[in-house]
Amino acid sequence: MISDRVRVRFAPSPTGYLHVGGLRTALYNYLFAKKNNGSFILRIEDTDRARFVEGAVENLIDTLKWSGLTIDEGPGNEGAYGPYTQSERLSIYQEQTQKLIDSGNAYYCFCSKQRLEEMREERKEQGAQPVYDKHCLHLSKDQIKSNIDSGLPYVIRLNVKPGEKIYVNDLIRGNIEFDSSTVDDQVLMKSDGYPTYHLANVVDDHLMKITHVIRGEEWLPSTPKHVLLYKFFGWEIPGFAHLPLLLNPDRTKLSKRQGDVAVEDYRSKGYLKEALINFVALLGWNAGDDREFYYLSELVENFSLERVNKAGAVFNLEKLDWLNAEHLRAKDNADLLKLLRNELKINPEVEDDFTDEYLVQVIEAMRERVKFVKEIVDTGIYFFTPPVNYDEASVAKNWKSDSAVNLSLLNEKIAELENPVKDDFENALRHAAVELSTGAGKIIHPLRIALSGVSGGPGVFDIAYILGKEECMRRIKRAIDKLG
RNA sequence: GGCGCGUUCGUCUAGUGGCUUAGGACGCUGCCCUCUCAAGGCAGAGAUCACGGGUUCGAAUCCCGUACGCGCUACCA
């Protein structure tokens, strides 16, 4: 047994940002770990120096932290099996590779890029698998030594014996059979001394006592290489679970070209982390019932690898928006107040000099009407600054020739009110309507325009109450002046 | 081309041989509520379960084949 305790890892490469597909992979790893009282480990796979992006690791960790997926071991949070950054583990890979060379399961290769290309081309034409032809496998010790001494660049390759069956037992897909003849003599060590993913992930997973490898489906075809490596090393094979892909609307692998793929994009657009996590969890997994709303802790309780789907799932924004609204409404005023303050802070159109009491009233008026916190500011802008102009369609529909007269009387009534509450505004308006022998609606709609500039939103008396007597009177007067 | 994986409403999905005239959710449409917009409630449209063969008294569910889609096929991960 590898370990009694479940240990899983999320192993991204720091190429810029956290992809939403990566977030889901991280999430499923996290859920599986927590459900089984295990550890969730972050490992940075930075073995490709050409693709390294400055600041990417920090960004990755920051985004993961924002999402609430706390790691038990990882860079900056060293456990017993570090370091957790592969570029800091080079000597380990070298040492392990030497074992493979000594046992004949790996070998030096000095082939040039050009020869490799020509060989692959030829094989493809013949309709054969474009795998390496083992040209360097039979080099003598002396030849190898003299090649190395003369400074010839080389790589170390995996020595795959053809004609054997390799079985991968996937926790989601069941038993999968591969023919070793279709498995390439994969490069294990690159000529720059860095390992490839295949070598590094097997070595690290073993050394870090990883019990389950939960990763994207794109890794399924290379899993036989990994299984072979475990065998050659004489190590126990961990459980594999290959997750279905996240898809673009055209059902290709989710990519940048067809929309936002970075978690930080969604974060900056104002999506709640609760909603993103909830949404992404449901893309490929469900508990077997009709439940759709989950908090992270509830996902942990209910998660199981057995219930992960096999087919890819389209990343559908409409449902994400709905879930965002659901989570927003589930939040209490204190949480929303914090979020609203943040929005006000970054909005150049408004000055945040409002009291908590005022903002909480706005929140209660708006929470049922928005999907995003920032919408409270965007569509409820009149709570923060008086309307500068009035929505044309609304004016055309509801501002009639008698509106100015009606509102003038209303303003007189409001002037008489002392510390009015919501009902006082309503009573004032209804009294005005009676005096004018008109329907309340004839005044309500113009009042709404005067106060907010638009025709939608919270109840007009709620708006009036929140704005307060003086501000209402100012806005009514202004509307009469401007709209006549 | 080769290898692998997959295929239930537009989308996410339930369904593991009879409970299924295939259920839910998002979105869409209509109605109710109503000062507006939402929210909420109700109703509706929407899937011959990719196709073709089997197995079985009975198949979305098991088997085989085909098609289509996707992934992989690097000294990238």
Side-chain angles (χ1 to χ4, degrees), chain A residues 11-15 45-48 50-51 109 111 113 116-117 120 123-131 153-157 168 170 172-173 176-179 181-184 186-198 200-201 215-224 242 244-245 247 249-253 279 282-293 309-323 325 329 366-371 379 394 397-398 426 429 439-449 452 454-461 463:
Chain A
S13 66
T15 53
E45 310 236 329
D46 59 345
T47 55
D48 183 1
R51 291 216 300 172
C109 172
C111 288
K113 248 196 164 86
L116 256 22
E117 262 168 42
R120 280 195 199 105
R123 292 224 156 190
K124 273 192 179 178
E125 274 171 31
Q126 294 166 353
Q129 200 72 211
V131 295
Y154 64 87
V155 299
I156 307 295
R157 283 182 185 277
V168 173
D170 189 274
I172 294 170
R173 288 150 215 283
I176 303 161
E177 185 183 305
F178 294 87
D179 185 335
S181 307
T182 68
V183 177
D184 199 0
Q186 186 62 230
V187 170
L188 265 20
M189 275 293 213
K190 300 182 255 186
S191 55
D192 63 2
Y194 278 68
T196 58
Y197 169 86
H198 307 285
N201 106 88
R215 79 232 296 193
E217 189 188 346
E218 69 268 29
W219 292 108
L220 195 49
S222 52
T223 307
H242 288 94
L245 261 20
L247 273 21
D250 69 357
R251 305 204 74 89
T252 53
K253 190 168 148 185
F279 175 63
L282 259 19
L283 250 29
W285 172 86
N286 71 85
D289 53 25
D290 290 338
R291 187 169 173 191
E292 307 253 29
F293 186 96
N309 292 139
K310 296 179 178 74
V314 173
F315 196 83
N316 175 267
L317 280 325
E318 283 164 343
K319 193 149 188 174
L320 207 207
D321 286 355
W322 169 74
L323 265 176
R329 283 180 212 121
M366 294 297 288
R367 65 186 307 152
E368 294 294 324
R369 283 161 244 272
V370 296
K371 288 184 163 158
T379 67
S394 307
K397 189 169 179 228
N398 293 313
E426 177 155 10
L429 185 138
K442 288 274 192 294
I443 314 182
I444 284 175
H445 294 289
L447 175 61
R448 177 180 290 286
I449 289 171
S452 73
V454 293
S455 58
V460 73
F461 303 114
I463 297 177

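So that the names make sense, note that chain A is the first sequence line, chain B the second, and so on, each numbered from 1.
The distance between atom CG of A:D250 and atom C1' of B:U11, rounded to the nearest whole Å, is 14 Å. Here B:A25 presents its P atom at 19 Å from CG of A:D321, a figure rounded to the nearest Å. Rounded to whole angstrom, the span from the CG atom of A:L116 across to the P atom of B:C76 amounts to 12 Å. Summarising the geometry, the separation between CG on A:L247 and C1' on B:G6 is reported as 10 Å, rounded to the nearest angstrom. Atom P of nucleotide B:C75 and atom CG of A:D192 are separated by 12 Å, given to the nearest angstrom. What separates CD1 of A:I172 from C1' of B:G6 is a distance of 13 Å, to the nearest Å.
Rounded to the nearest 0.5 angstrom, A:E292 CD and A:N286 CG are separated by 9.0 Å. How far CZ of A:F461 is from CD1 of A:I444: 4.0 Å, rounded to the nearest 0.5 Å.
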Look for any protein N or O under 3.5 Å of an N or O in nucleotides 1-5 of chain B and output each such pair with its distance, or none.
{"unit_1": "B:G2", "atom_1": "O2'", "unit_2": "A:Q129", "atom_2": "NE2", "d": "2.1"}
{"unit_1": "B:C5", "atom_1": "O2'", "unit_2": "A:R173", "atom_2": "NH1", "d": "2.7"}
{"unit_1": "B:C5", "atom_1": "O2'", "unit_2": "A:E217", "atom_2": "OE2", "d": "3.0"}

Short N/O separations, protein against nucleotides 13-16 of chain B, under 3.5 angstrom:
{"unit_1": "B:U13", "atom_1": "OP1", "unit_2": "A:G284", "atom_2": "N", "d": "2.7"}
{"unit_1": "B:U13", "atom_1": "O3'", "unit_2": "A:N286", "atom_2": "ND2", "d": "2.6"}
{"unit_1": "B:A14", "atom_1": "OP1", "unit_2": "A:N286", "atom_2": "ND2", "d": "2.5"}
{"unit_1": "B:A14", "atom_1": "OP1", "unit_2": "A:N309", "atom_2": "ND2", "d": "3.4"}
{"unit_1": "B:G15", "atom_1": "OP1", "unit_2": "A:R307", "atom_2": "NH1", "d": "3.0"}
{"unit_1": "B:G15", "atom_1": "OP1", "unit_2": "A:R307", "atom_2": "NH2", "d": "3.0"}
{"unit_1": "B:G15", "atom_1": "OP2", "unit_2": "A:R307", "atom_2": "NH2", "d": "3.4"}

Tabulated below should be each protein N or O lying under 3.5 Å from an N or O of nucleotides 34-41 of chain B; please produce it.
{"unit_1": "B:C35", "atom_1": "O2'", "unit_2": "A:H445", "atom_2": "ND1", "d": "3.4"}
{"unit_1": "B:C35", "atom_1": "O2'", "unit_2": "A:H445", "atom_2": "NE2", "d": "2.8"}
{"unit_1": "B:C35", "atom_1": "O2", "unit_2": "A:R448", "atom_2": "NH2", "d": "3.0"}
{"unit_1": "B:C35", "atom_1": "N3", "unit_2": "A:V460", "atom_2": "N", "d": "3.1"}
{"unit_1": "B:U36", "atom_1": "O2'", "unit_2": "A:S455", "atom_2": "O", "d": "2.6"}
{"unit_1": "B:U36", "atom_1": "O2", "unit_2": "A:R448", "atom_2": "NH1", "d": "3.4"}
{"unit_1": "B:U36", "atom_1": "O2", "unit_2": "A:S455", "atom_2": "O", "d": "3.4"}
{"unit_1": "B:U36", "atom_1": "O2", "unit_2": "A:G457", "atom_2": "N", "d": "2.9"}
{"unit_1": "B:U36", "atom_1": "O2", "unit_2": "A:G457", "atom_2": "O", "d": "2.9"}
{"unit_1": "B:U36", "atom_1": "N3", "unit_2": "A:R448", "atom_2": "NH2", "d": "3.1"}
{"unit_1": "B:U36", "atom_1": "N3", "unit_2": "A:G457", "atom_2": "O", "d": "2.5"}
{"unit_1": "B:U36", "atom_1": "O4", "unit_2": "A:G459", "atom_2": "N", "d": "3.3"}
{"unit_1": "B:C37", "atom_1": "O2", "unit_2": "A:R369", "atom_2": "NH1", "d": "3.0"}
{"unit_1": "B:C37", "atom_1": "O2", "unit_2": "A:G457", "atom_2": "O", "d": "3.3"}
{"unit_1": "B:C37", "atom_1": "N3", "unit_2": "A:R369", "atom_2": "NH1", "d": "2.5"}
{"unit_1": "B:A38", "atom_1": "O2'", "unit_2": "A:E368", "atom_2": "O", "d": "2.6"}
{"unit_1": "B:A39", "atom_1": "O4'", "unit_2": "A:E368", "atom_2": "O", "d": "3.3"}
{"unit_1": "B:A39", "atom_1": "O2'", "unit_2": "A:E368", "atom_2": "OE1", "d": "2.6"}

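Nearest-nucleotide assignment on RNA chain B puts the 5′-proximal partner with A:L245, out of A:D184 and A:L245.
Within the 4.0 angstrom heavy-atom criterion, only backbone atoms of the sugar-phosphate kind lie near A:V187; the bases stay farther away.
Of the candidates B:A74, B:G10, B:A77, the closest approach to any side-chain atom of A:R120 belongs to B:A74.
Under the 3.5 Å distance criterion, the side-chain polar atoms of A:R448 are matched with a main-chain donor or acceptor of A:P458. A donor-acceptor contact shorter than 3.5 Å is absent between the side chain of A:N309 and the backbone of A:A311.
Evaluation of atom-type donor-acceptor distances gives no pair under 3.5 Å for the side chain of A:K113 against the base of B:A74.
Taking a 6.0 Å sphere around NZ of A:K442, one finds it holds 12 or fewer heavy atoms contributed by other residues, nucleotides or ligands.
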